[in-house]
Amino acid sequence: MISVVCDGWWEQDGYGRQPMQNLRLQFDGNSVQGQGCDVVGAFTLRGTVDGAVVTLTKQYIGAHAVSYIGTFDGEGTYRGRWAILGFGGDWMIQVKSADGELTEILPA
């Protein structure tokens, strides 16, 4: 299992770009799970990275879930579109090491 610190954000019309804070992900084979917080609240992330295809569910604690679908560039950046109830926007997660340097994470 690989555990990493990440930077990330999501965008929505009228709200602009919103950072994800304290974002940490764990990779085990092609499974990914993690946690963080943003302007909406604390959340967990669960999903898969299958080659270049990323499928995540962001579950806000005690609240709603958001679907995150996107791609992996093979060099530590995940990006795509999020969606819930007809709303959506762009998102990006960039994997960092504990010391803040970019780290290449390749799914098994």
Side-chain angles (χ1 to χ4, degrees):
M1 183 175 305
I2 299 170
S3 201
V4 294
V5 176
C6 302
D7 286 335
W9 52 261
W10 55 269
E11 288 182 329
Q12 182 176 353
D13 287 345
Y15 293 94
R17 186 171 287 180
Q18 300 296 320
M20 290 185 256
Q21 301 170 333
N22 302 316
L23 184 57
R24 297 183 179 275
L25 297 178
Q26 293 179 332
F27 297 88
D28 189 5
N30 64 344
S31 294
V32 61
Q33 63 182 356
Q35 61 196 26
C37 61
D38 59 27
V39 67
V40 177
F43 60 82
T44 61
L45 284 168
R46 291 193 185 278
T48 60
V49 179
D50 188 6
V53 178
V54 179
T55 305
L56 300 171
T57 299
K58 183 182 198 180
Q59 177 66 58
Y60 286 99
I61 308 301
H64 59 281
V66 182
S67 175
Y68 277 59
I69 307 297
T71 57
F72 175 57
D73 71 358
E75 295 182 4
T77 301
Y78 301 81
R79 64 178 64 240
R81 298 277 299 168
W82 62 269
I84 180 175
L85 302 173
F87 295 97
D90 294 333
W91 63 270
M92 190 273 304
I93 294 174
Q94 187 171 54
V95 176
K96 302 272 191 178
S97 67
D99 64 3
E101 295 297 317
L102 285 175
T103 303
E104 184 172 337
I105 301 294
L106 299 176

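Computed over heavy atoms, backbone and side chain alike; hydrogens, waters and symmetry mates excluded.
Here L85 pairs with nothing under the side chain to side chain contact (heavy atoms under 4.5 Å, CB included) rule; sequence neighbours left out. Here D90 pairs with R81 under the salt bridge (charged side-chain N to carboxylate O under 4.0 Å, His left out) rule; sequence neighbours left out. Applying the side chain to side chain donor-acceptor pair (under 3.5 Å) test to Q26 and every residue at least two apart in sequence or in another chain returns Q33. Qualifying side chain to side chain contact (heavy atoms under 4.5 Å, CB included) partners for T55, counting only residues two or more places apart in sequence or in other chains: T48, V53, I69. Checked against side chain to side chain donor-acceptor pair (under 3.5 Å), W10 has the following partners two or more places apart in sequence or in another chain: D38.
Minimum interatomic distance between V4 and K96 (heavy atoms only, all atoms of both residues): CB-O, 3.6 Å. Pairing each heavy atom of L25 with each of L45, the nearest pair is CD2-CD1, 3.9 Å. Counting all heavy atoms, side chain and backbone alike, A83 lies closest to V66 at O-CG1, 3.7 Å.
Summarising the geometry, atom CH2 belonging to W82 is positioned 4.0 Å from atom CD belonging to Q12; distances are rounded to the nearest 0.5 Å. Annotation: the span from M92 atom CE to Y68 atom OH amounts to 11.5 Å, rounded to 0.5 Å. Here E75 contributes atom CD and Q94 contributes atom CD; the two are 10.5 Å apart, rounded to the nearest 0.5 Å.
Residue pairs meeting the ring pair (Phe, Tyr, Trp, His ring centres under 6.0 Å) criterion with at least one partner in residues 31-62, sequence neighbours excluded, are F43-Y60, Y60-H64. Each side chain to side chain donor-acceptor pair (under 3.5 Å) pair with one or both residues in residues 14-24, not counting sequence neighbours, appears once here: E11-R17. Sorted by first and then second residue, the salt bridge (charged side-chain N to carboxylate O under 4.0 Å, His left out) pairs with a member in residues 65-74 form an empty list; sequence neighbours excluded.
Using a 4.5 Å heavy-atom cutoff, the side chains of Y78 and V95 are in contact. For the pair F72 and V32, the minimum side-chain heavy-atom distance is 4.5 Å or more. By the 4.5 Å heavy-atom criterion applied to side chains, L23 and D7 are not counted as neighbours.
The hydrophobic cluster containing V39 also contains I93, counting ILVMFWY residues as joined when their side-chain heavy atoms lie under 4.5 angstrom apart, directly or transitively. Both F87 and L56 are assigned to one and the same hydrophobic cluster, defined by single-linkage of ILVMFWY side chains at heavy-atom distances under 4.5 Å.
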